[in-house]
Amino acid sequence: MNYLFNEIEAKWQKYWAENQTFKADSNSDKPKYYVLDMFPYPSGAGLHVGHPLGYIASDIYARYKRHKGFNVLHPQGYDSFGLPAEQYAIQTGQHPAITTETNIKTYRRQLDQIGFSFDWSREVRTSDPNYYKWTQWIFIQLFESWYNNDTNKAEEISSLINIFSSEGNTNVDAVCDDDVEMFSAAEWQAFSSEKQQEILLQYRLTYLAETEVNWCPALGTVLANDEIVNGVSERGGHPVVRKKMTQWSMRISAYAERLLQGLDTIDWTDSLKESQKNWIGKSVGASVTFHVNNHEELIEVFTTRPDTIFGVSFMTLAPEHELVSKITTAEQKEAVEAYIKATAKRSERERMADVKTISGVFTGAYAEHPFSKEPIPIWIGDYVLAGYGTGAVMAVPCGDQRDYDFAKYFQIPIPNIFEGVDISEEAYAAKENVKITNSDFLNGMNYKKASKRAIYELEQLGQGEGKTNYRLRDAVFSRQRYWGEPFPVYYVNGMPQMIEAKHLPITLPEVEKYLPTEEGEPPLGRADVWAWCTETNSVVANNKINDTTIFPLELNTMPGWAGSSWYFFRYMDANNELNFASEEALNYWENVDLYIGGSEHATGHLLYSRFWVKFMKDRGFVGVEEPFKKLINQGMILGTSAFIYREEGTNNYLSEGLIEGKKVAPIHVKVQYVNASDELDIEGLKNDSEFGEDYKDATFVLEDGVYKVGREVEKMSKSKYNVVNPDAICEQYGADSLRMYEMFLGPLEQAKPWNTAGITGVHGFLKKLWKLYVGEDGLKVNDAAPTKDNLKTLHKTIKKVEEDIESFSFNTSVSTFMIAVNELASQKCTSKEVLEPLLVLISPYAPHIAEELYSQLGNTTSIATAAFPKFDASHLVESSKNYPISFNGKMRFTLELPMDMSKEEIEKTVMSHEKTIAQLQGREPKKVIIVPGKIVNIVG
RNA sequence: GCUGAAGUGGUGGAAUUGGUAGACACGUUGGACUUAAAAUCCAAUGUCCAUUAGGACGUACGGGUUCAAGUCCCGUCUUCAGUACCA
């Protein structure tokens, strides 16, 4: 009987589905384990072999944990709102819901054929009203909350209103807008309802604010930075302008400190934590205000080194700084304007990366030092960016290298305020181990003390204060799109009102076109039935709007990250209609134990989710502070592109070995026409209908009778013809081969190239595995007692595989299996006592073949919950060791010696050995190093 | 520039954390089986020298520590990813 993988795989996939083998139980005595993949967006192109990499890894882990006796939650679903479906809808008029449905079907089929152990009864789709009802609900909760700095958590807005009406807002320490006005209790009560709402909006965790966006009038939409190339839209090349728009924002900045602190409590990679840290960008220092001589204006700067305030010898403003035009003197005007013009042409990235060229211009104006009252020249320089901090720097050349270089270049004095430090060559940027000097009242102090004192003195002058700055900015939450969650919001006199939770969901209205309106309103502006009736509590036709009982609804929709910021809770209780998840389910499953996904979400999804979870914890909706306990980033699988080489000006294609010295143009060809030896299937290429007549008359110049293609590793993409579809792999080699090969390619976290040719290795292994159990005449396995060697092979495999899975080193497990099967085959092992546990070891990796053989061994239940074999070290005890014998560290030969031999005996045996004598050639060794059980090294 | 990760055969990658570098595969070469192909099996395969025995070199490069370094330390270079000169 042969290994008929197609039949076997179909059989067990059907079995798992029919028996709901992987359905997770929310009531269990077993310990829980929650394994989650990052939410996939169901794109129209379907899966390529790079996509399942993380899913295979998490599936192996989930299956392993089941073998280890855990109750495993391993769900899957779709982040099904998104731009591609909308773009397709704009082009074809097809409703995005239909496209999405079709794409999901393809995804599901592809996922099923790989044999994942997902609990599909808990499937979640963000575009399903039963799901986004709860996304809308969370939005309402954010609106109804404020952040109390005193209790350091989010609280219901009613508690804030209570404070306002009893004592005003002067004692409230909240995270809010910068420009809130102060009022007393009496004033609050006297405010109109509208005025009160306006004030509350300045405190709510989601609020309306004017935000600057990249507006593209031709497309009628807002563009992301990377959708803009050279100042015009990437799509169509239309002009883009900066425009202020009223949009919903999320007060994520309230959580900056907790998001930072929380990183210490979770098991994520250092690089990922590092990016989040940098994104949050905490810096402790002071803000300092400088007067400008002969001007009303003040310059505010933020500094992390208030202790160096007496080292300031100039100031630098960003060329874009709004004060530049006001303070520049007549003599300097021309030079300054020219400089600003030149700067405008450089991108921010250019300005950042280029530290070698120093440039800047003096404005002619002077600021006044807060303490010494000395005049400080004000310069502009493009090393200061307008978008960061205040766009102005108090330059301390002796303590900052950039300031130092700038000062040297323009011959600005560099006062030294560090005691006993030589600054003739470079700045002294370290904070520690130095005392301040030449600094009036700061003399003799260290960094810490001087900073404190400087801040105190600045406060006395009213020219500064201690300040902690975060780079993290509030997140814009409105999108001018159709295919997203509608806001549960209507407007009364321009003030936003929440629809009561019991009337949710507010479902997307129908529109005849998915484009913005002619007036530049979002697509929902095209809906005819998009108004809220406060009497019937329902969505009604727009023409009924009377602004007394029927009001206009919000036209924006929510961004992609809305639905994906909390979906991991929904899986815990996906079909609950009364709540986003029951308390019992939330308490049992807590949070995700293992999360696997790409590193591109480092500062988006992974930060927003943490923010929402912290908020939900504050409000008592969930019991956990962090969503993902352990997180692993899988590396990208790259494509191995194939090239043919057209000789310039001809229709001749030269084989790779013939191109040297010739002028050739490399052209991508489809990788499916190339075999494992890099040989091109010329007929296949010529007959490919996609290229029509392109290659029909071409001449292929061969070497040794074949056409060899060139190869190069690139990102997998359709345009490079290097995409490999898992469907074809599953058909030709089977899902188990695909799963094993993806793991075999290399470490999970590392980027690595795909090469279909290599799959024959693991496929051959699975055939060998099969043959170990099944012979020509059926099952070979019997009740024979295992030999010592059999047990040794089995137990060293158990040990290694267990260690590998625990450390996510799946690639090395695969070679361990290969070694085990090679050994057992040569031992002619037929013992069930050895071969049955081996199946359990392999089952997380190759579940179909494991199930089939397991059932052939007479088992009637699925292998999925079979207990993981127990490692017994006694089978690995060796009586002898093959010692490497080294001379001066170089291994010359090996010698088999008993393990229990003493150091002295080893030395005696080795030194008297003929090969040792030959090596030494009469020399007397200076030293003999013996590490029992490891090595012998003879020196001399 | 900065931050992070990484440089090992023709290729993907191993190496129990300082102890036999190149496991396991792919590819290549030779052989067996076959009318032939596929499949399967066997053998060889880091480079160089040598008929063999064996030897020299070898983990990006240059130093260092050590009986012993792919692994630790210092310096340099290269590649990939991310990116924010928050002063």
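Lettering of chains follows the sequences in order, A, B, ..., and the numbering in each one begins at 1. Values reported hereafter were calculated over all heavy atoms of this structure, with side chains retained and with hydrogens, waters and symmetry mates removed.
Salt-bridge check for A:K903 with A:E907: failed, with every basic side-chain N at 4.0 Å or more from each acidic carboxylate O.
Note: CG (A:N811) to P (B:A23) measures 15 Å, nearest angstrom. The nearest whole Å value for the distance from the NE2 atom in A:H763 to the C1' atom in B:C24 is 18 Å. Rounded to whole Å, atom C1' of B:A38 lies 12 Å from atom CD of A:Q732. Note: CG (A:N469) to C1' (B:C86) measures 6 Å, nearest angstrom. Atom CD in A:E907 sits about 17 Å away from atom P in B:C67, given to the nearest Å. Rounded to a whole Å, the CD1 atom of A:I935 is 4 Å from the C1' atom of B:G19. Distance, A:I938 CD1 to B:U66 P: 21 Å, rounded to whole Å. Residue A:L769 contributes atom CG, which lies 16 Å from atom C1' of B:C24 at whole-angstrom precision.
With sequence neighbours excluded, the residues that form a salt bridge (charged side-chain N to carboxylate O under 4.0 Å, His left out) with A:D400 are A:R402. For A:K752, the salt bridge (charged side-chain N to carboxylate O under 4.0 Å, His left out) test picks out no residue, with sequence neighbours left out. In this structure, the side chain to side chain donor-acceptor pair (under 3.5 Å) partners of A:K282, at least two apart in sequence or on a different chain, are A:E257.
Rounded to the nearest Å, the gap between the C1' atom of B:U45 and that of B:A23 is 15 Å. Distance noted for atom P between B:G62 and B:C77: 15 Å (whole Å). Distance noted for atom C1' between B:G1 and B:C67: 44 Å (whole Å). Comparing the same atom, C1', in B:U71 and in B:G64 gives a spacing of 15 Å after rounding to whole Å. The same atom, P, is picked in B:C24 and in B:C41; the two are 15 Å apart, to the nearest Å. Rounded to the nearest Å, the gap between the C1' atom of B:U79 and that of B:A43 is 38 Å. Look at the P atom in both B:A81 and B:G27: the space between them is 29 Å, to the nearest Å. With C1' as the reference atom, B:G9 and B:G70 are 14 Å apart, rounded to whole Å.
Between B:C86, B:U20, B:C67, one nucleotide has an atom nearer to the side chain of A:N882 than all others, and that is B:U20. Looking at the side chain of A:N937, the nearest of the listed nucleotides B:A23, B:G19, B:G27 is B:G19. Of the candidates B:C41, B:G19, B:A14, the closest approach to any side-chain atom of A:K768 belongs to B:C41. Of the candidates B:C86, B:A25, B:C26, B:A25 carries the atom nearest the A:M818 side chain, counting heavy atoms from C-beta on. Comparing atom distances between the A:M891 side chain and each of B:G27, B:C86, B:U20 picks out B:U20 as nearest. In this structure, of B:A14, B:G19, B:C26, it is B:C26 that holds the atom nearest to the side chain of A:A757. In this structure, the nucleotide among B:A39, B:C86, B:G19 sitting nearest to the side chain of A:R402 is B:C86. If you check B:C67, B:U20, B:G19 against the side chain of A:K881, the one that comes closest is B:U20.
Minimum heavy-atom separation, A:I380 to A:V324: CG2-CG2, 3.7 Å. In this structure, A:H875 and A:K792 approach most closely via the heavy-atom pair O-CG, 3.7 Å. The two residues A:Y608 and A:A475 have their closest heavy-atom pair at CE2-CB, 3.7 Å.
Nucleic acid contact for A:T760: sugar-phosphate only, since backbone atoms but no base atoms lie under 4.0 Å from a heavy atom of the residue. When heavy atoms are screened at a 4.0 angstrom cut-off, A:S283 is found touching the sugar-phosphate backbone but no base atom. A:K277 comes within 4.0 angstrom of nothing in the nucleic acid, heavy atoms only. Within the nucleic acid shown, A:V393 comes within 4.0 Å of at least one base atom, counting heavy atoms only.
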Output a table of nitrogen or oxygen pairs between the protein and nucleotides 53-56 of chain B separated by less than 3.5 Å.
| from | atom 1 | to | atom 2 | distance (Å) |
| --- | --- | --- | --- | --- |
| B:G55 | OP1 | A:Q919 | NE2 | 3.3 |
| B:A56 | OP2 | A:R892 | NH1 | 2.9 |

Please list each protein N or O that sits under 3.5 Å from an N or O in nucleotides 3-12 of chain B, with the distance.
| from | atom 1 | to | atom 2 | distance (Å) |
| --- | --- | --- | --- | --- |
| B:G12 | O2' | A:L745 | O | 2.6 |

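Across all strands shown, B:C33 remains unpaired; no Watson-Crick or G-U wobble contact has both distances below 3.5 Å. Base pairing of B:C72: its partner is B:G64, meeting the Watson-Crick or G-U wobble criterion (both donor-acceptor distances under 3.5 Å). The partner of B:U83, taking Watson-Crick or G-U wobble pairs whose two distances both stay under 3.5 Å, is B:G1. The partner of B:U78 is B:A6, by the rule that a Watson-Crick or G-U pair needs both atom distances under 3.5 Å. Of the nucleotides present, none pairs with B:G22 by Watson-Crick or G-U wobble criteria with both distances under 3.5 Å. Nucleotide B:U28 is matched to B:A44 when pairs are restricted to Watson-Crick or G-U wobble geometry with both distances under 3.5 angstrom. Pairing partner, B:U52: none, since no Watson-Crick or wobble contact has both distances short of 3.5 Å. Within the shown strands, nothing qualifies as a pairing partner of B:U16 under the Watson-Crick or G-U definition with both distances less than 3.5 Å.
Of the side-chain N and O atoms in A:K926, none sit less than 4.0 angstrom from OP1 or OP2 of B:C67. Put simply, A:N822 has a side-chain N or O that comes within less than 4.0 Å of OP1 or OP2 on B:A25.
Side chains of A:V288 and A:E300 form no contact here, defined as non-hydrogen atoms less than 4.5 Å apart. Contact annotation: the side chain of A:Q276 approaches that of A:W268 to within less than 4.5 Å [non-hydrogen atoms, C-beta and beyond].
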Name each donor-acceptor pair under 3.5 Å that joins a side chain in residues 885-893 of chain A to protein atoms two or more places apart or in another chain, with its distance.
| from | atom 1 | to | atom 2 | distance (Å) |
| --- | --- | --- | --- | --- |
| A:N888 | OD1 | A:G940 | N | 3.0 |

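At most 12 non-hydrogen atoms from other residues, nucleotides or ligands lie less than 6.0 angstrom from NZ of A:K799.
Using cut-offs of 30° and 60° for the angle between ring planes, the A:Y383 and A:F406 rings count as tilted.
The residue among A:G764 and A:V814 whose nearest nucleotide of RNA chain B lies closer to the 5′ end is A:V814. For the pair A:K800 and A:V284, both in contact range of RNA chain B, the more 5′-proximal nearest nucleotide belongs to A:K800.
Partner of A:D736 under the side-chain contact (heavy atoms from CB on, under 4.5 Å) criterion, out of A:V762, A:L766, A:I842: A:L766 alone.
Taking syn as a glycosidic angle within 90° of 0, B:G13 does not qualify and is anti.
The distance from the CD atom of A:E802 to the OG atom of A:S813 is 10.5 Å, given to the nearest 0.5 Å.
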